[in-house]
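Below is one structure, written out as structure tokens, with a few remarks after it.
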Number of protein chains: 2
Amino acid sequence: MSDRRPRKPPYSIDVVLLTAVRGQLAVLLSRSPDGREKWTLPWDSAKNGEALDATASRISKSILGEDTAWKEQIGAFGDGKRHPSDAEISVAFAGLVPTGTPSPVGGVYAWFPLADVPALSPRQRQILDTAVSMIRTRMDQSPVAFRLLPQMFTLTELQQMYELLLAKRLHKASFRRALQGAWLVEPTDEWRSEGRGRPAQLYRFAPRKRRPAQRGIRLDLLSS
Amino acid sequence: MSDRRPRKPPYSIDVVLLTAVRGQLAVLLSRSPDGREKWTLPWDSAKNGEALDATASRISKSILGEDTAWKEQIGAFGDGKRHPSDAEISVAFAGLVPTGTPSPVGGVYAWFPLADVPALSPRQRQILDTAVSMIRTRMDQSPVAFRLLPQMFTLTELQQMYELLLAKRLHKASFRRALQGAWLVEPTDEWRSEGRGRPAQLYRFAPRKRRPAQRGIRLDLLSS
DNA sequence: CGAATTAGTCACCAATCGTGACTAATGTCA
DNA sequence: TGACATTAGTCACGATTGGTGACTAATTCG
């Protein structure tokens with residue numbers, strides 16, 4: 001988060017780090033050095049010759065200790081709306097952080113549930129909204145839910161993650177049947193006993209190329 | 001596209017205009033003023049204070065006479081790959097042009113079927129590939145096929161457009177049943193007689209909000 | 001007129017999906 | 001120790017959706 005002010009950078013790289021906290025999506029914000037209770041999305045300007053996603057990786061790494069396992073560009077933003085940098089445009093990336101990852105120490109960074117995000121600059125607010133909506137609509141194309149979970153997880157946890165992202169309850173049997181047909185996970189030989197109740201088998205994300213999903217068209221998904 | 005060289009712009013706006021020509025997707029390229037047979041994606045730098053998509057609209061309008069009915073940002077590109085501008089990064093937009101739109105006159109612009117696109121700068125090549133792949137994967141979320149057709153079209157034309165985008169044959173009855181269930185088109189009272197055979201009724205794109213498509217999850221679409 | 005051609009529909013069957021009820025394996029507590 | 005609560009995991013039925021070939025409809029051509 002360099003805060004050098006000598007000359008205005010041509011563009012900033014902003015990072016939307018998302019995780020799941022207690023059944024809600026949460027975004028990582030950075031405390032502004034100047035204001036008292038002002039928060040911003042982490043951002044920086046690119047070093048000389050650095051690729052766009054490399055800058056995003058560097059930012060993530062500097063905050064979390066390592067890069068996110070998944071990252072996607074959200075787009076470029078710059079409708080003249082204000083931004084903590086004075087850059088004309090900002091290129092935004094979204095990254096997913098598994099639950100259970102140790103939180104960054106120090107009072108500089110904090111996770112905010114989406115419902116409790118404080119006021120941001122207009123451009124960063126738009127970036128956040130676009131990132132969340134993109135994550136939610138790209139679920140079918142990207143392994144989003146898996147990247148919000150640790151490497152090993154129970155099927156109930158996976159289902160709850162899907163329910164969180166879809167904001168909709170799923171039926172257990174349907175969910176597992178669909179999962180089976182998609183060849184996305186494989187069981188490990190470990191089990192986890194979570195208090196009372198039968199222990200759950202742990203699975204890992206292991207997509208197989210089998211069956212290229214030769215299905216029909218789905219016109220009914222068209223939103224607008 | 002302006003070719004002023006005095007100072008390097010901070011970023012360029014590149015536009016990928018796509019249409020369908022004889023059963024193939026085609027992209028509009030602009031002849032380089034310097035080289036003899038060099039072609040580029042249309043691009044320009046933003047005027048002062050102009051929003052990103054406003055620049056893209058201005059470029060489209062200057063080429064086609066009017067803006068495209070549909071346009072989407074593809075993203076920001078700038079991994080140090082070369083670009084006709086010397087901008088560090090380029091923000092790309094895709095726009096769809098209905099078949100039958102009068103082609104831009106003069107030898108400056110031309111439509112190239114995707115298979116016959118000449119060599120482009122590395123960055124523009126990447127932009128084009130990303131744009132096409134985005135269009136194809138976002139078909140379910142955006143009315144892509146409809147924006148490649150004139151306002152009124154026959155269902156056979158619509159089906160052929162879907163077949164072109166999906167690179168896959170569709171069964172007539174299935175296609176029409178899915179279309180009916182999606183409430184996307186409405187019939188007009190006009191018909192078109194295309195040579196021999198029974199005349200076809202013309203339809204228009206008229207999505208209705210009915211039935212929010214309360215369907216299950218589709219895990220089997222997950223690609224990676 | 002009849003054949004060819006394209007549009008549009010129907011109906012059968014298979015595959016998929018929503019659902020409730022079932023079994024399985026553990027902890028809790030009397 | 002045994003009944004109960006709790007969570008995991010599966011099964012099977014009926015309803016819906018989807019793939020498909022064959023059908024009817026309306027036009028041009030010769």
d([atom1], [X]; [atom2], [N]) in whole Å:
{"X": "A:W191", "N": "C:dA25", "atom1": "CH2", "atom2": "C1'", "answer": "9 Å"}
{"X": "A:F175", "N": "C:dT16", "atom1": "CZ", "atom2": "C1'", "answer": "17 Å"}
{"X": "A:R192", "N": "C:dG27", "atom1": "CZ", "atom2": "C1'", "answer": "17 Å"}
{"X": "A:L170", "N": "C:dC17", "atom1": "CG", "atom2": "P", "answer": "13 Å"}
{"X": "A:Q180", "N": "D:dG9", "atom1": "CD", "atom2": "C1'", "answer": "12 Å"}
{"X": "B:L166", "N": "D:dG19", "atom1": "CG", "atom2": "P", "answer": "12 Å"}
{"X": "A:L158", "N": "D:dT7", "atom1": "CG", "atom2": "P", "answer": "19 Å"}
{"X": "B:L202", "N": "C:dG8", "atom1": "CG", "atom2": "C1'", "answer": "14 Å"}

Which residues pass the salt bridge (charged side-chain N to carboxylate O under 4.0 Å, His left out) test with [X], sequence neighbours left out?
{"X": "A:R147", "result": "none"}
{"X": "B:E190", "result": "none"}
{"X": "A:R196", "result": "none"}

Practice item. Using a heavy-atom cut-off of under 4.0 Å over every strand shown, decide if A:T154 touches base, sugar-phosphate, or nothing. Key: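 No contact.
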
Review point. So what does A:Q201 touch, heavy atoms closer than 4.0 Å: a base, only the sugar-phosphate, or nothing?
Key: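 A:Q201: backbone/sugar contact only, no base atoms under 4.0 Å.
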
Can you list everything that forms a side-chain hydrogen bond (donor to acceptor under 3.5 Å, both in side chains) with [X]? Sequence neighbours excluded, please.
{"X": "B:R177", "value": "none"}
{"X": "B:R125", "value": "B:D129"}
{"X": "A:R198", "value": "none"}

Check your understanding: Between the two end axes of the helix from C:dC1-D:dG30 to C:dA30-D:dT1, each built from 5 base pairs, what angle do you get to the nearest 10°?
Key ->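 Overall, the helix from C:dC1-D:dG30 to C:dA30-D:dT1 bends by 10° from one end axis to the other.
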
Study note, to complete from the structure: Once base and sugar-phosphate atoms are separated, protein heavy atoms under 4.0 Å mark nucleotides 24-30 of chain D, 5' to 3', with B, S and - as -BBBS--

Anything under 3.5 Å between a donor and an acceptor, one on a side chain of residues 101-108 of chain A, the other on a protein residue two or more places apart or in another chain? List them.
from   : atom 1 : to     : atom 2 : distance (Å)
A:T101 : OG1    : A:P98  : O      : 2.8
A:S103 : OG     : A:W111 : NE1    : 3.3

Check your understanding: How about A:L29 and A:L41: do any of their side-chain heavy atoms sit closer than 4.5 Å?
Key ->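 Yes, close enough: below the 4.5 Å cut-off.
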
**Study point:** A:E66 (side chain) donor-acceptor with A:K61 (main chain) under 3.5 angstrom
**Key:**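 The answer is no, because no donor-acceptor pair under 3.5 Å joins these two groups.
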
When the side chains of residues 18-28 of chain B are checked against the rest of the protein, which donor-acceptor pairs come out under 3.5 Å, sequence neighbours left out?
from  : atom 1 : to    : atom 2 : distance (Å)
B:T19 : OG1    : B:V97 : O      : 2.7

Practice item. May I have all residue pairs that pass side-chain hydrogen bond (donor to acceptor under 3.5 Å, both in side chains) and include part of residues 67-77 of chain B, sequence neighbours excluded? Key: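 Listed by first then second residue: B:S57-B:D67, B:S57-B:K71.
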
Where do N or O atoms of nucleotides 9-11 of chain C meet protein N or O atoms at under 3.5 Å, pair by pair?
none

